[in-house]
Amino acid sequence: MRLCARDSGCPAMTAAEVSSSAPLMEAMGLSKTFGIVEVLKDINLTVRAGEVHAIIGENGAGKSTLMKILAGNLAPSRGEIRMDGEAVSFSGPVDAERRGIVLVHQEILLAPDLTVAQNIYLGRELKKGIGVDDRAMNEGAAKAIRDLGGDIDPNAIVSRLSIAQRQIVQIARVLLVPHRIVIFDEPTASLTPHETEALLKVIRDIRAKGVGVLYISHRLPEVKEIADRVTVLRDGRLVASHAASELEPADMARLMVGRDVAKLYPDRHAAEVRETVLEVEHLNVPGYAQDASFRLRKGEILGFAGLVGAGRTELMEGLVGLRPSRGTVRLNGQPVDFRQVHTSLKAGVAYLSEDRKGKGLLLTKDLRVNLTLASLGKFVGALQIDRKRESEALDQAIRDFDIRTGARDILAGQLSGGNQQKLLIAKMMMLDPQVVIIDEPTRGIDIGNKEQIYKFIARLADEGRSIIVVSSEMPELIGICDRILVMRSGRIVGEVTGEHMNENEIVQLATGVKTGEAA
Amino acid sequence: QEEKKVTIGVSIPAADHGWTAGVVFHAERVAKLLMEEHKGLNVIVKTSPDPASQANAVQDLAVQGIDGLVILPTDPDPLVNAIQQVKDSGAFVALVDRAPSNNDNSVRDLYVAGNNPALGQVAGEYIAKTTPNAEVVVIRGLPIPIDQQRQDGFDKGIAGSSVKVLERQYGNWNRDDAFRVMQDYLTKYPKIDVVWCQDDDMAVGVLEAIEQAKRTDIQYIVAGAGSKDMVKRVMDGDKMVPVDVLYPPSMVATAMQLTAAHFYDQVPVSGEYILDATLVTKDNAEQFYFPDSPF
Amino acid sequence: MSSVATETTKAPKTSKDWDMAAVAPFIALALLLVLGYFANPNFISVANLMNVITRSAFIAIIALGATYVISSGGLDLSVGSMVAFVASLMILFMNSGTIADPMFMLITAMLLAIALGAACGLFNGLITTIGRIEPFIATLGTMGIYRGLTTWLSQGGAITLRDRELQALYRPVYFGSIAGIPVPIIIIFVTAAIAAFVLYRTRYGRHVIAVGSNEDVARYSGISVNRVRTIAYVVQGLCVAVAVLLYVPRLGSTSATTGILWELQAITAVVVGGTALRGGVGRIWGTVCGAFILEIVGNIMLLSNFISEYLIGAIQGAIIIIAMLVQRSLMRK
Amino acid sequence: MSSVATETTKAPKTSKDWDMAAVAPFIALALLLVLGYFANPNFISVANLMNVITRSAFIAIIALGATYVISSGGLDLSVGSMVAFVASLMILFMNSGTIADPMFMLITAMLLAIALGAACGLFNGLITTIGRIEPFIATLGTMGIYRGLTTWLSQGGAITLRDRELQALYRPVYFGSIAGIPVPIIIIFVTAAIAAFVLYRTRYGRHVIAVGSNEDVARYSGISVNRVRTIAYVVQGLCVAVAVLLYVPRLGSTSATTGILWELQAITAVVVGGTALRGGVGRIWGTVCGAFILEIVGNIMLLSNFISEYLIGAIQGAIIIIAMLVQRSLMRK
Ligand SMILES: Nc1ncnc2c1ncn2[C@@H]1O[C@H](COP(=O)(O)OP(=O)(O)OP(=O)(O)O)[C@@H](O)[C@H]1O
Ligand SMILES: Nc1ncnc2c1ncn2[C@@H]1O[C@H](COP(=O)(O)OP(=O)(O)OP(=O)(O)O)[C@@H](O)[C@H]1O
Ligand SMILES: [Mg+2]
Ligand SMILES: [Mg+2]
């Protein structure tokens with residue numbers, strides 16, 4: 001057996017070795033049922049040494065479930081896994097790790113109270129005498145993070161990191177385990193282009209050492225760039241598996257969704273200039289955003305671009321009363337004072353958090369409870385909640401937002417990521433808001449769903465609502481927004497409109513290469 | 001003599017049930033009286049809820065500098081060491097009510113006590129005499145030594161008669177617990193003649209339980225301590241409460257007075273003063289009735 | 001606990017699992033009833049069962065409030081002393097004789113008790129929410145305060161309702177019965193029904209559960225977390241007041257020891273009833289069942305003839321553990 | 001595009017925040033010392049301070065163990081009764097006279113106490129982990145069991161160390177001093193130093209924090225959550241045993257009331273010291289400071305002569321709440 005930790009001096013494999021290498025792992029006829037719902041049906045998959053094998057599919061197609069089975073986190077209902085030709089069954093993730101299979105989870109699994117270095121070495125601390133060698137671990141952690149293009153203090157407490165930073169820490173942690181097969185479940189969903197680039201380089205490095213890589217992403221160009229082989233899942237079935245060179249991103253999209261996704265972004269008729277709905281002047285969110293001023297018009301889609309850490313999320317949270325803030329906010333010309341979220345919600349300004357698991361949905365409650373949580377007032381009859389109307393609303397939401405769920409009585413945490421996002425949108429739309437602020441609307445969302453969400457955002461604008469989209473994906477901002485404001489270091493540094501809406505312009509503003517006129 | 005500066009520390013249990021509340025009441029009352037009487041005298045009264053904190057309190061009193069200590073221990077044995085320390089420092093020590101297993105002059109100068117075994121014995125003898133064939137249920141206090149002494153005394157009191165103890169259970173000197181235990185006794189035993197519940201607080205719960213069950217087989221109950229409510233009932237001739245056994249909380253006051261006398265009256269005070277466990281009956285009840293005591 | 005790792009790996013797979021969790025306390029209760037019958041056939045008599053359920057009223061009603069506090073993610077250790085404090089003030093007021101008409105006096109005193117309970121609960125709530133002190137410590141502090149004030153009010157002794165007429169008027173509230181069912185039992189079930197309705201059917205109840213299961217999600221959904229939590233403490237205070245309304249007519253007096261350790265019993269009842277201490281789940285009927293279980297364990301112990309009085313505490317502890325083990329093993333199925 | 005660097009984080013709340021949380025209890029302690037001086041100048045005398053710190057030894061040492069249990073996400077309510085149980089058995093063993101040589105007897109008895117403490121802790125640990133019962137309930141159960149067994153051992157009375165020679169030999173362990181410092185104070189600091197080393201510098205300590213912080217993450221990292229938790233309870237048991245070793249020479253006797261409510265005091269000390277009850281954070285020195293604070297509050301109360309003894313409990317409760325409020329407001333700065 002050949003285990004290879006990062007930087008353990010494993011020699012690179014030659015191309016000949018790679019092509020001739022025997023399969024590291026084979027899945028034969030894997031199936032998985034939850035309750036009565038079969039989410040994986042008869043999957044056959046081969047992982048070869050020195051190959052990046054991408055798995056793509058719609059939200060809820062069963063990708064994460066399959067990966068969890070391969071990494072020993074779940075037991076398959078049927079089928080078997082072979083390693084080096086022998087059937088194996090894992091007693092748990094640690095058992096799989098011992099055999100060299102490691103998984104970067106889609107969810108972030110870190111202990112919030114420990115530091116970065118403590119998390120990276122958790123469970124395999126370096127020892128010095130009877131104590132632990134914190135110095136060595138800090139150094140090792142710092143190096144592992146640098147390799148991934150990150151810049152995080154190894155002594156920082158994880159609960160204080162942004163989601164992107166946590167993701168990097170999590171990848172660094174997994175790559176320190178000696179491995180033969182590394183599984184990445186949407187590692188780049190919350191990373192910046194720079195960090196993504198660094199990660200892809202790392203993946204190429206480990207591939208060169210003969211490690212087998214399974215790679216899940218909804219960013220199809222990225223898949224095209226890194227993968228040697230692409231396997232497509234749809235509704236729990238394996239529908240295609242091709243060499244990556246044979247597929248273009250558009251083909252992948254078609255295979256995933258089962259139809260052509262020719263046009264990702266909806267048509268937007270150039271909106272005529274209408275009255276101002278929201279007017280923000282000199283808004284300060286202490287420690288995060290300074291002196292932000294902007295206007296939002298009726299029926300407009302306004303984008304907020306910027307690098308991770310630019311303070312966009314905090315600005316929006318300050319605006320709706322989730323954080324202390326100072327400044328003037330006028331809604332329909334009337335000054336408003338959003339001290340508490342419920343005042344802004346009542347006024348018709350809804351904010352959808354980027355952290356849908358931590359702040360968006362009650363993962364241990366069912367879909368109905370989640371859907372109506374923010375708008376319960378609408379379902380209260382004389383005294384009590386009208387459950388029948390709640391159920392009807394859920395049916396309606398499942399239809400309107402195309403929430404894919406096996407059963408209607410599952411818990412929100414059991415929905416796939418994309419469907420969670422759709423449920424969150426549905427939940428906030430129950431409030432019938434006038435202004436909708438959506439933070440990272442398509443993080444971790446498949447291309448088919450993305451199309452739907454964009455269409456949906458456009459429809460909201462057409463209905464006369466005003467939308468703010470905060471996103472780190474520039475193409476999507478350019479694709480759907482009427483105007484884009486760019487933030488850097490807590491300040492709005494410029495606005496791009498019309499033909500200036502291109503990635504180059506935005507990046508220059510976001511990095512400070514170019515300073516724009518304040519919006 | 002009036003010029004002589006003397007500090008007496010008084011350490012007593014916190015007022016956690018009726019009887020200890022009486023102790024606190026009397027200690028405070030007499031402290032005031034004594035300080036009026038002797039200009040140079042300073043009396044510091046401190047209460048503590050459990051042995052460990054009482055040991056602390058004794059230590060704290062010693063730090064303040066005391067010439068005499070009057071202590072009614074929550075639980076005597078655990079406090080012997082703390083008392084010993086004060087005694088070794090040369091202070092006069094008066095021990096009240098609860099005796100440690102080693103109770104001699106090396107530990108204290110004066111011992112003032114109600115008579116715990118006698119409290120049980122008097123009750124036992126009264127029951128044996130009044131209703132020689134009674135079937136009795138017993139409600140105990142808390143599992144600490146004085147409770148055990150009372151039980152032993154009771155057994156001695158009924159020895160030789162045909163009084164039969166059906167059962168003993170802890171009522172924790174708490175009315176609510178006594179109510180519950182009595183209710184269950186009433187369920188369990190179709191016939192009960194007499195209840196010995198040792199303590200006036202618990203008697204309140206016992207009487208309510210009996211009244212609620214509308215049982216007529218119970219002839220009377222015997223409690224103890226001498227609370228104003230129970231003494232009043234005895235005085236009024238309540239059939240259910242014909243007697244009460246005195247275990248006066250004022251004994252702490254006696255000890256304080258004797259200690260003050262040691263410092264000011266030049267009379268040698270030492271040895272043991274055992275107060276009787278007087279049987280309060282309709283005839284003598286009036287002299288034990290203190291209407292403005294909290295107990 | 002935080003947003004970092006949120007995978008619900010061991011989340012119950014289907015709703016069936018939850019049903020089991022809800023049913024488990026009732027199965028434990030049934031087993032206890034059988035056990036009780038073997039310990040002493042008198043146990044199963046209507047009179048005894050009525051007695052037991054009647055006297056579980058205090059803990060059961062207090063535990064209903066505790067269900068709110070706990071499922072909203074809080075904890076209240078002060079309820080025992082709150083009972084003593086509210087009851088003492090109520091009796092002192094009745095003794096004050098400020099109102100001549102006994103009926104009117106009684107009603108005023110009851111309203112006073114309810115207002116006091118709500119105020120004490122509000123105080124707890126504000127300290128934990130606005131003061132941002134861990135509920136465990138905050139209510140440990142107020143436990144000391146309420147108990148201390150009671151001791152001071154009673155000067156360490158007992159506070160007894162003196163007015164005979166009032167006492168006679170008030171007695172039936174505990175000792176009376178309607179259609180053969182003791183009043184306290186009726187009050188338990190009425191209170192529980194109201195509590196269940198509010199928790200399961202109203203907006204506020206939904207908010208309690210949301211706040212208890214994830215504070216951030218609740219906040220981002222526009223729920224005022226502090227308000228919901230504070231009200232939960234007020235509900236607890238009201239339940240304490242209801243318990244006081246039953247407690248005072250029983251013995252007509254309070255002392256510094258009234259209600260001691262009731263907080264632990266109430267919390268035990270809640271947990272035995274299937275509500276998790278970490279919040280986000282509330283089982284009203286389970287709580288009532290839990291309170292019955294606790295009282296019945298004590299009752300069986302006293303009625304059976306083979307347990308030394310010294311060992312009762314030990315066996316009671318063991319039975320609680322065994323009951324929980326049985327529950328767990330039922331749920332695993 | 002690839003040249004774009006991630007902007008360096010400017011998280012405003014940096015490690016300073018954490019330092020404040022760690023320092024707050026010590027500031028509270030300092031304020032109390034000043035307050036004490038004004039209440040009674042004797043307070044600040046070396047003799048008094050030594051006394052106070054010496055007698056805080058029991059709670060301080062028990063609270064050290066509680067810090068482990070709490071930061072691993074558990075809770076132990078049984079420590080007070082465990083003290084009574086272990087101390088009773090230790091005294092009974094010394095009274096048994098099975099070993100003639102007093103020194104040898106004493107050492108054997110001490111080892112026995114330590115083994116018993118560890119066994120009791122192990123029992124608690126296994127019930128909560130293997131039995132999967134909420135720690136609150138599980139240890140409430142064992143609290144009843146240990147207390148009940150103590151009552152039974154003492155047959156309702158006291159258990160007193162009879163052998164004079166043994167007593168004389170053992171006394172210095174509590175009352176003696178080394179280089180002018182009372183032995184218990186030395187033991188507090190030695191125990192705390194060991195506890196701090198293990199928690200902060202060893203692999204096990206790291207795992208304790210990880211388990212308390214996020215159980216799932218710990219499990220995915222190959223940490224045996226149950227093992228870590230169980231060992232934390234054993235550590236708690238060992239700390240209880242150490243406290244017993246100091247307790248027996250001090251009072252030389254136990255009864256069913258020994259150690260009552262110590263669990264609440266220990267937990268309070270832990271929380272006042274800055275450890276969060278939800279787990280994932282452990283502050284050893286804060287805990288020691290918390291235990292000192294509790295004891296000093298009581299001491300000031302006793303030394304000051306203007307507080308009615310009926311109100312002591314109320315004021316103690318109020319002071320704890322105020323101390324926590326001060327801590328919170330310090331941390332917010
Ligand atoms: N524990 C569970 N119980 C019931 N259903 C589950 C459970 N876990 C996952 N599912 C269901 O299995 C299906 C596949 O989920 P999975 O997380 O594997 O999707 P995915 O392909 O990773 O989607 P995404 O791209 O959104 O991450 C979904 O319909 C989901 O609701
Ligand atoms: N819990 C936290 N405690 C302290 N600092 C935080 C916390 N969460 C985020 N930050 C910091 O706040 C800053 C801004 O956060 P964030 O990264 O969410 O901004 P953003 O502009 O919304 O970026 P994006 O949404 O692309 O992630 C970052 O420097 C981040 O490290
Ligand atoms: Mg997935
Ligand atoms: Mg953001």
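Throughout, a chain's letter reflects where its sequence line sits, starting with A, and its residues are numbered from 1.
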For [X], which atoms come within 4.5 Å of any heavy atom of chain C: side chain, backbone, both, or neither?
| X | value |
| --- | --- |
| A:L352 | neither |
| A:T372 | side chain |
| A:V369 | both |
| A:L383 | both |
| A:E317 | side chain |

message: Looking at A:E354 and A:R443, is there a salt bridge between them, counting it only when a charged N and a carboxylate O are closer than 4.0 Å?
response: yes
message: For the CZ atom on A:R339, are there more than 12 heavy atoms of other groups (residues, nucleotides or ligands in this structure) within a distance under 6.0 Å?
response: no
- request: Using a cut-off of under 4.5 Å on heavy-atom pairs, state which of C:R203, C:E215, C:R219 scores highest against chain A.
  value: C:R203
message: Please identify, among C:I223, C:V198, C:V217, the residue contributing the most non-hydrogen atom pairs under 4.5 Å to chain A.
response: C:V217
message: With a 4.5 angstrom heavy-atom cut-off, is it the side chain or the backbone of C:F197 that approaches chain A, or both, or neither?
response: side chain
Side chain proximity check, [X] to [Y], heavy atoms < 4.5 angstrom:
| X | Y | answer |
| --- | --- | --- |
| A:N119 | A:L114 | yes |
| A:L363 | A:K357 | yes |
| C:I209 | C:S71 | yes |

Shortest non-hydrogen contact between A:S353 and A:K359, atoms and distance: OG-CB, 3.7 Å
task: Grab the two heavy atoms, one from C:L75 and one from C:L277, that are nearest each other, plus how far apart they are.
output: CD1-CD2, 4.1 Å
field: Contacts with chain C made by residues 424-432 of chain A (heavy-atom distance under 4.5 Å), listed by residue number
entry: A:K427, A:M428
task: Please round to the nearest 0.5 Å and tell me the distance separating atom SG of C:C289 and atom CZ of C:R283.
output: 12.0 Å
statement: CD1 of C:I187 to CD1 of C:I181, rounded to nearest 0.5 Å, is 12.5 Å
- request: Starting from the C-alpha separation in whole Å, work towards a yes-or-no answer on side-chain hydrogen bond (donor to acceptor under 3.5 Å, both in side chains) for A:E38 and A:T33.
  value: CA-CA 4 Å; A:E38 188 165 43; A:T33 31; 5.8 Å; no
statement: Checked A:E390, A:Q170, A:R356 vs chain C; the most non-hydrogen pairs under 4.5 Å come from A:E390
